[in-house]
Structure formats: structure tokens, C-alpha cells
Engineer: 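Here you go, one structure.
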Amino acid sequence: MNFKEIFDALQRFDEEYIPFPPFVAAVDTVKANIALFRETGIAHHLLVLGESGTGKSSLCRWVEQQYPRFALLDRDILPVLIVPVPPAATIASMASAMLEKLGDPVSATGTASAKTSRVITLCRACRVEMILFDEAQHIHDRGQATTHYMVGDWLKSLIDQTSVPTVFLGLPRLEQLLQVNEQLRRRFSRRIRLALGQSDKDSIHSECLQLFRSLGSCLPIPLLCGRYGWDELGMRLYYASDGRVAYIKKLLASALRLALETETGEIGPPLLEQAFTDEIWWEGVGKLNPFNPAFEFRRLDRGNEPFECGSFNNIRKYRKESIC
Ligand SMILES: Nc1ncnc2c1ncn2[C@@H]1O[C@H](COP(=O)(O)OP(=O)(O)O)[C@@H](O)[C@H]1O
Ligand SMILES: [Mg+2]
């Protein structure tokens, strides 16, 4: 393969959406909520929860691609409004983030209530049919219960006044925001978790394996299970990825690069073992590497291990190059 072919293969791999079950459930609910709104004007709301790397922002991107903005002579039409909630969000900064996405040239100007009324007017003018708040746990990360209650109240009234379906996406702790506000909680009766491992039919190991093989089918070289067999490889993949699509993708992309560098014609356990150390955890060697024969078959979630609760955003600290 020449350089261009390798680059194209990696790019295709990065852009491909794989329909793993919880992702499909979320996509179907979004589509159904937009269709219901178009037909009846009824707005249903959805909460999508998942640890980092489970596909929340990808879901937003997918929705944006399916319902793209387009221009009329006098204005832009935005069927869906994706709002990345700023860190330590306040009511004013949330409203500014929405105004910016709606194309308001002075999005940072005005009081919180003036901005809120502009949001509502612009949502109607741009014919917004769904609002998605990504990283919505940032709303909850600030202040005490009274602040949460105030922000919750503001969101409830925003939802009621825009009258369009909304989706809140965030880390599992986002659920606590809804606990403090009964009226908001009632509006989000539908909740979806993006984690694997919720199927009655399949184990989490076989779900990981299916995801790995689906992603692998986008690559230009074959996957092998080696002496482990596919079932055991599925289990090892679960421990190596914590069942999150982001890590399975990282492992495969890194294994592909290694395969091309070393002119190996397949991706099997030895390359995955190296990829785990290179890409996920530089201390993950021997019994701490899920692809090593001596692996101890346990979750790597203790202190200073890669799946320690809330550690994804610090993942670089586990990778060799960021330490050196
Ligand atoms: N359905 C999917 N198919 C393929 N790759 C996906 C899918 N969902 C997420 N990913 C990949 O997983 C990685 C992390 O996804 P992201 O949406 O940023 O997670 P989150 O927002 O939950 O932290 C990205 O590389 C993305 O391309
Ligand atoms: Mg995200």
C-alpha cells in the first residue's frame, strides 16, 4: 500500500459509523422524536448517558449530518441545533453558546434574560426542530443544589417556550441534575445508556467482539484471533476497552499503523498487545496487558489504571509519549 492508500484507509476508518445496539437505539429515538414533532407538534425529550468515549458527540454529529442546515434567501434553516455546553456553564453562558450556533453576531451581549428571549425568537426563525445539549453534565458541575435548581428551572422554561424536542447528552452524573428538579425529571422519561452490556441475548464480551469485527471490516487487512479463539479474544477486548467504542477504535488504528510499519499482513493478538501499551496504557505490560497470555482477567479500574473512574480525559497521562 502506498502512503495515500494508507491515509485514505485510516480516514475512512475514522469516519465510519458502526451501528452498535445502544447507538442504534439512540439514533432511532432521535429520528422518531423528530418525525413525531413534524407530524403532531408534540415534543418528546431524551436523556443519553455514557462515560467518555461511548459515542455521545458522534451521535450529535450523525444527527447534524442527517438533518443538515440549508440557506433560504433571507436566513439559514437549522433543523437541529447542537449546543456544546461550556465548562462550568451558567445560564448566561449557555444562552450565549446557543446564540452563537444560531448565528447571532452579538451572542455574548445582553443580560441572561435578554439572551434567552433572543434564543427563543431565533429558534423559531431558523425553524429548529430539535435541540441537542452535548456535555450537558457541565450544567451540573457548577455550584450547589440551589444553583442546580435555578439552572434546571431555566432549562425547563426554555424547553417549554421553544416547544421542540430536546436531547441531553452527558456523563452518567448528569442524571443527578434531574434529581433536583421534579418537573424537569418528568420531561425526560426516556433515557438511553450508550454503554455496551445491556443486551439480554449477548454477553458484553461478544458485543465487544462484534464491534471490533465491524470496525475491522473497514480496514484493508484481516483480523485474526490467534491461539485465543474468538470468544476469548472478545473477553480480552472487553478488558482492554472497558466496552467503549473509542478504545476499540484506538486499538485498531494503532494496530493498523504497526502492521503497515512492520509489513505484517494481519492484525492479531501480538499487534493488539503492542497497540494497548502504545495507545492506552504504557504501563500495561505482562499480566496488566489484556492481550498478553499472562493477563489476570480483571477490570483495569484501580488507582492509576486506565479505566479508573473518570480517567478518560486524562488518558494521555497513561501514554508513554506524554510522560517523556
Ligand atoms: N457509532 C460509532 N461508530 C464508529 N465509531 C464511533 C461510533 N461512536 C463513536 N465512535 C468513535 O469513538 C470515539 C469517541 O466518540 P465520541 O463521540 O467523541 O465519544 P463521547 O462524546 O461519548 O466522549 C470517536 O473516535 C468516534 O469516532
Ligand atoms: Mg463528547
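Ligands are counted one by one from 1 in listed order, and the atoms in each one are counted from 1 as well.
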Engineer: Between the candidates Ser52, Ala26, Ser58, which shows the shortest non-hydrogen contact distance to atom 26 (C) of ligand 1?
Structural biologist: Ser58
Engineer: Looking at ligand 1, does any of its N/O atoms fall within less than 3.5 Å of an N/O of Lys56?
Structural biologist: yes
Engineer: Quick one: does Arg193's side chain have a donor or acceptor within less than 3.5 Å of a partner on Leu49's backbone?
Structural biologist: no
Engineer: Is there a polar contact, in the sense of an N or O pair closer than 3.5 Å, between Gly55 and ligand 1?
Structural biologist: yes
Engineer: Do the side chains of Leu81 and Met130 get nearer than 4.5 Å, heavy atoms only?
Structural biologist: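 Counting from C-beta outward, Met130 and Leu81 never come under 4.5 Å.
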Engineer: Checking side chain to side chain contact (heavy atoms under 4.5 Å, CB included) against Leu300, which of Arg302, Glu296, Arg298 comes through?
Structural biologist: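 Only one of Arg302, Glu296, Arg298 forms a side chain to side chain contact (heavy atoms under 4.5 Å, CB included) with Leu300, namely Arg298.
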Engineer: Show me which atoms of ligand 1 lie under 4.0 Å from any heavy atom of Ala246.
Structural biologist: 12 (O), 13 (C), 14 (C)
Engineer: For ligand 1, is Gly53 a contact, meaning one of its heavy atoms is under 4.0 Å away?
Structural biologist: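 Right, Gly53 reaches ligand 1.
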Engineer: Looking only at distances, please establish whether an N/O atom of ligand 1 is found under 3.5 Å from an N/O atom of Tyr17.
Structural biologist: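 Between Tyr17 and ligand 1, no N or O pair is found under 3.5 Å apart.
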Engineer: Side chain, backbone, both or neither: which part of Glu16 comes within less than 4.0 Å of ligand 1 when only heavy atoms are counted?
Structural biologist: backbone
Engineer: Decide whether Leu256 and Leu224 are clustered together by the hydrophobic rule: side chain heavy atoms of Ile, Leu, Val, Met, Phe, Trp, Tyr closer than 4.5 Å, transitively.
Structural biologist: no
Engineer: Please output the side-chain donor-acceptor pairs of residues 260-273 that fall under 3.5 Å, not counting sequence neighbours, one pair per line with the distance.
Structural biologist:
from, atom 1, to, atom 2, distance (Å)
Thr262, OG1, Leu258, O, 2.7
Thr262, OG1, Thr264, OG1, 2.7
Glu273, OE2, Asn292, ND2, 2.9

Engineer: Group every Ile, Leu, Val, Met, Phe, Trp and Tyr by side-chain heavy-atom contacts under 4.5 Å, then state whether Leu219 and Trp230 land in the same group.
Structural biologist: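 As far as the 4.5 Å side-chain criterion goes, Trp230 and Leu219 are connected within one cluster.
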Engineer: Which bit of Trp62 is near ligand 1, meaning a heavy atom under 4.0 Å away: side chain, backbone, both or neither?
Structural biologist: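 It is neither; nothing of Trp62 touches ligand 1.
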Engineer: Tell me if the aromatic rings of Phe291 and Tyr228 count as close, with their centers under 6.0 Å from one another.
Structural biologist: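 No: the rings miss the under 6.0 Å criterion.
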Engineer: Could you see if Val285 belongs to whatever hydrophobic cluster contains Ile280? Use Ile, Leu, Val, Met, Phe, Trp, Tyr and a side-chain cutoff under 4.5 Å.
Structural biologist: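 No, no single cluster joins them.
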Engineer: Assign the ring pair Tyr247 / Phe307 to parallel, tilted or perpendicular, where the plane angle (0 to 90°) is split at 30° and 60°.
Structural biologist: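 The rings of Tyr247 and Phe307 stand perpendicular, inter-plane angle above 60°.
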Engineer: Any nitrogen or oxygen of Leu215 lying under 3.5 Å from a nitrogen or oxygen in ligand 1? Just yes or no.
Structural biologist: no
Engineer: I'd like to check whether Val245 has a polar contact with ligand 1, where a contact means an N/O of the residue lying under 3.5 Å from an N/O of the ligand.
Structural biologist: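 In this structure, Val245 places no N or O atom under 3.5 Å from an N or O of ligand 1.
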Engineer: Using 30° and 60° as the class boundaries, would you call the ring planes of Phe188 and Phe168 parallel, tilted or perpendicular?
Structural biologist: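 The rings of Phe188 and Phe168 stand perpendicular, inter-plane angle above 60°.
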Engineer: Could you tell me whether the side chain of Cys218 reaches within less than 4.5 Å of the side chain of Arg12, counting heavy atoms only?
Structural biologist: no
Engineer: Only heavy atoms of Phe20, strictly under 4.0 Å: list the atoms of ligand 1 that pass.
Structural biologist: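 So the answer, numbered in order with elements, is 1 (N), 2 (C).
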Engineer: Within less than 2.8 Å, report the number of protein N/O/S atoms around the Mg ion (ligand 2).
Structural biologist: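 If we list every protein N, O or S atom nearer than 2.8 Å to the Mg ion (ligand 2), we get 1.
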Engineer: Can you list the ligand 1 atoms lying under 4.0 Å from a non-hydrogen atom of Ile18?
Structural biologist: 1 (N), 2 (C), 3 (N), 4 (C)
Engineer: In sequence, state the C-alpha distance, the side-chain angles, and the governing distance for Leu288 and Trp281, and then conclude on side chain to side chain contact (heavy atoms under 4.5 Å, CB included).
Structural biologist: CA-CA 9 Å; Leu288 293 177; Trp281 189 28; 3.7 Å; yes
